Amino acid sequence: MFLEIQDLSVKIENKNILKGLNLNINKGEVHAIMGPNGCGKSTLANVLAGKEDYEILNGKINFKDNDLFDLNIEERAQEGMFLAFQYPVEIPGVNITPFLHSAINSKRKRMNEEEIDNLSFAKLLKSKASDLGINIDMLKRSVNTGFSGGEKKRYEILQMSILNPDLAILDETDSGLDIDALKIVTDGVNKLKTKDNSFLIITHYQKLLDYIKPDYVHVMVNGSIVKSGGSEIAVEIEKDGFQKFQ
Amino acid sequence: MNIQDNYLKNKKNIFFTENEDVENHRKKLINIFEKDRFDKKNNESLKNVNLKNFLDFNYKYLVPEETSVINNNHDNSYSIVSVNGQCASFKDDKIEITKILDEDYNDFSKNDTIEKNDHFVNLNSLFLNSGFKIIIKKNNNIKIKISNIITDDDLTIFQKNNYICEDGSSLNLIEEFENKNNSTSNILNVIKLEKNSQLNHFLIQDNAPDHNLIITTHSSCKKDSIYNQKVYNFSEGYVRNFHYSELIETNSEADLQGIFFLKDNNTSNNKTFVKHLAENCKSNQVYKGILNDHSKATYFSNTHVDQEAQKTEGYQLSKGILLSDNASYFSKPELKIYADDVKCSHGSTIGPIDENAIFYLRSRGMSKIAATKILISSFINEELSSIDNEQMSEKIQKKLVRYLSQVK
């Protein structure tokens, strides 16, 4: 099993958010989690990425044969986990290019791979940016600073394509995107899909899943997964909402 | 020993004791000391100051045996090594350097911008034992680098320097303070910018823990002149940066900026004050601080806009990052506006490093310490990237790397 979440319960500030959640993802699979506002979808994404604000009450998570709780935030990233943020953080003064260069090399170092030099990295970045319709001038700017909502999401996908993760978690990547931007972003994701990597896509709407075809769709309500199945569930939700699952 | 006794005992080493006007002024200062008794409650210039260091000082001053070195590098740049506050006289067709004169003392003592109860400035006037005057002659474009050296332990330097930029002149002035010995420098720079002149003033402060630096600047700007000041404080000893600007004629500008890096139990007190006295003038006051361990800082910024000073633009900003729960940064911005057609603002944001930004960077594989360092560097990126002198930029980068290496 690539990612195995067993009976996960999590709280923050005395509020229980995840309540006995189970989820298994195999290599090469695309899973989608859909659920109403406040059901714990983003909490799950943040807990997987290692955000330290949460208290783990119970449960186990295994990722690539590692106990995930033994790894800190950066070690999870270096092991191949990637979270595309719902609200990417603006970091004025931190230039995109050296930041991403440093990120990719920290991963390579952990994997005992040779670090990528400046010139090769610049070429790689330019080509990936071009694939995503990202203007080269944007790469001279500070991380997410002054970006529109669409630019921020595209930039998340650019980072993902550079870091080439084993498991990518997309937390409401479709929110705030117009239809053209959604297409560019989802095309980027589809290009990255291989038999060796997996995706966990968190969304409210079926629209995103028209572009990225999931193998499994899970409905999450009140901190746990209440139904799992194929794409037909997304269609059902689009038609009837989440009411019937609550 | 009280201040008066200390003064009388050391009178022979102190400048201008023969001048009646100077002595009358000093009598007034002694009266202020006697009355005020360094009451911290009513004096913001004393907040966080360990007064024992300054009141119980043993007055000790050595006149340097060798005169300071001045090199005319023939590209309009000059290097000065000021030893114990002194600088040798020098003259060419572009600049003139002399000792400070009693008339300069008397001229400044009439100015009322600096508060009467700023005891450090008053101590400077009372115990004055060094200083020089530099005149940049009309329409010249000059660069000067001054290395301020203190030769011995336990010295107390009370130094007053005058800078005069004549009409149409331009001066790039870099002052370095890198003292390793147990000593105190109390320096007052009095700067006069004549019409259409400009002074870009950089102060790089990197003293050892035992050196106290109290530096005060008073600049006055005439028509179309510009005073830009940038302070980089990496000192491990106490530093007080108090800088005052008066915009006395139209279309003049003052930009007072500073960044400071504190750690251990160090303290830094900072103040900027801009007095707008004429129309169409601009000012900017920006201080940023990074505080680790048990360090403390204060920053008082103040914009005063006189009734006559219509069309004023005056901005203030203070920002601070607290790297430890035990560090503290007190910031107090003030605006006093007596004109009705002005654009003025102030802002202050102080807090721990942004945890969301740390999480974001770590989620891309960067270690916590690397993320913290990159965020500190980005916090001051604007100030560092605006340095257009390569040598100075390298020097400051090295000092930043040294500070960051101690951030855990």
Side-chain angles (χ1 to χ4, degrees), chain A residues 45-54 71-96 98-111 115 141-145 152 155-156 158-160 162-165 167-169 171, chain B residues 230 232 257-261 286-290 317-321 323 325 347-387 393 396-397 400-401 403-405 407-408:
Chain A
N46 285 328
V47 168
L48 286 172
K51 196 163 191 196
E52 289 159 342
D53 302 351
Y54 300 94
L71 304 176
N72 65 25
I73 303 166
E74 56 270 29
E75 286 166 341
R76 294 176 194 200
Q78 290 159 5
E79 277 294 323
M81 189 176 279
F82 180 89
L83 170 63
F85 280 58
Q86 184 180 356
Y87 303 109
V89 184
E90 294 196 8
I91 313 180
V94 176
N95 185 271
I96 288 169
F99 156 60
L100 263 183
H101 191 190
S102 153
I104 193 170
N105 276 339
S106 65
K107 187 179 172 189
R108 282 172 169 255
K109 204 171 165 188
R110 186 173 175 94
M111 295 297 152
E115 292 193 3
R141 288 160 64 180
S142 298
V143 175
N144 295 319
T145 308
K152 281 182 182 169
Y155 177 55
E156 290 293 283
L158 172 66
Q159 291 182 54
M160 187 170 81
I162 293 283
L163 295 172
N164 196 19
L167 173 66
I169 305 157
D171 188 7
Chain B
K230 287 191 173 155
Y232 305 89
Q257 298 195 29
I259 46 178
F260 54 86
F261 303 83
V286 181
Y287 264 64
K288 290 184 180 177
I290 295 146
L317 180 65
S318 71
K319 283 184 165 186
I321 291 182
L323 296 173
D325 291 344
S348 183
T349 49
I350 298 162
I353 209 151
D354 181 356
E355 284 301 327
N356 287 326
I358 292 271
F359 175 55
Y360 188 84
L361 295 173
R362 291 180 76 190
S363 77
R364 302 304 184 241
M366 202 170 267
S367 71
K368 190 176 183 181
I369 189 74
T372 304
K373 287 176 182 180
I374 205 171
L375 289 175
I376 293 172
S377 301
S378 71
F379 176 69
I380 47 161
N381 177 56
E382 212 176 302
E383 286 70 23
L384 298 187
S385 57
S386 65
I387 303 171
S393 173
I396 288 172
Q397 283 292 348
L400 175 64
V401 168
Y403 179 83
L404 290 177
S405 72
V407 172
K408 302 288 176 226

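To find a chain, count down the sequence lines: A is the first, B the second, and so on, and within it residues start at 1. Note that the coordinates shown come from a computational prediction; the quantities given were computed from them, not determined experimentally.
- Applying the salt bridge (charged side-chain N to carboxylate O under 4.0 Å, His left out) definition to pairs two or more places apart or across chains, those involving residues 357-382 of chain B are Glu52(A)-Arg362(B), Glu74(A)-Arg362(B), Glu156(A)-Arg364(B).
- Applying the salt bridge (charged side-chain N to carboxylate O under 4.0 Å, His left out) definition to pairs two or more places apart or across chains, those involving residues 82-93 of chain A are Glu90(A)-Lys152(A).
- Here the two rings, on Phe85(A) and Phe359(B), have centers that are under 6.0 Å apart.
- Annotation for Ser106(A) and Gly365(B): closest pair OG-O, 2.9 Å, computed over non-hydrogen atoms.
- At a 4.5 Å heavy-atom cutoff, the contact between Lys51(A) and chain B is made by backbone and side-chain atoms alike.
- Comparing Met81(A), Gln159(A), Glu75(A), Glu79(A) by how many heavy-atom pairs each has under 4.5 Å with chain B, the most go to Gln159(A).
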- [ ] Would you please test Tyr360(B) and Asn144(A) for side-chain hydrogen bond (donor to acceptor under 3.5 Å, both in side chains) and show each step?
- [x] CA-CA 11 Å; Tyr360(B) 188 84; Asn144(A) 295 319; 3.2 Å; yes

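- Heavy atoms of Pro88(A) lying under 4.5 Å from chain B belong to its backbone as well as its side chain.
- Contacts between Tyr87(A) and chain B at a heavy-atom distance below 4.5 Å are absent for every atom of the residue.
- Options Ile358(B), Ile380(B), Asn356(B) differ in how many heavy-atom pairs under 4.5 Å they form with chain A, and the most are formed by Asn356(B).
- How far CG of Leu361(B) is from CD1 of Ile91(A): 4.0 Å, rounded to the nearest 0.5 Å.
- Applying the 6.0 Å contact sphere to NZ of Lys319(B) captures no more than 12 heavy atoms from other residues, nucleotides or ligands.
- Here CG of Asn95(A) is found 11.0 Å from OG of Ser378(B). Values are rounded to the nearest 0.5 Å.
- Between Ser102(A) and Met366(B), the closest side-chain pair of non-hydrogen atoms falls below 4.5 Å.
- For chain B, the option among Val94(A), Val89(A), Leu83(A), Leu163(A) with the highest count of heavy-atom pairs below 4.5 Å is Val89(A).
- Interatomic distance, Asn46(A) CG to Ser363(B) OG, rounded to the nearest 0.5 Å: 9.5 Å.
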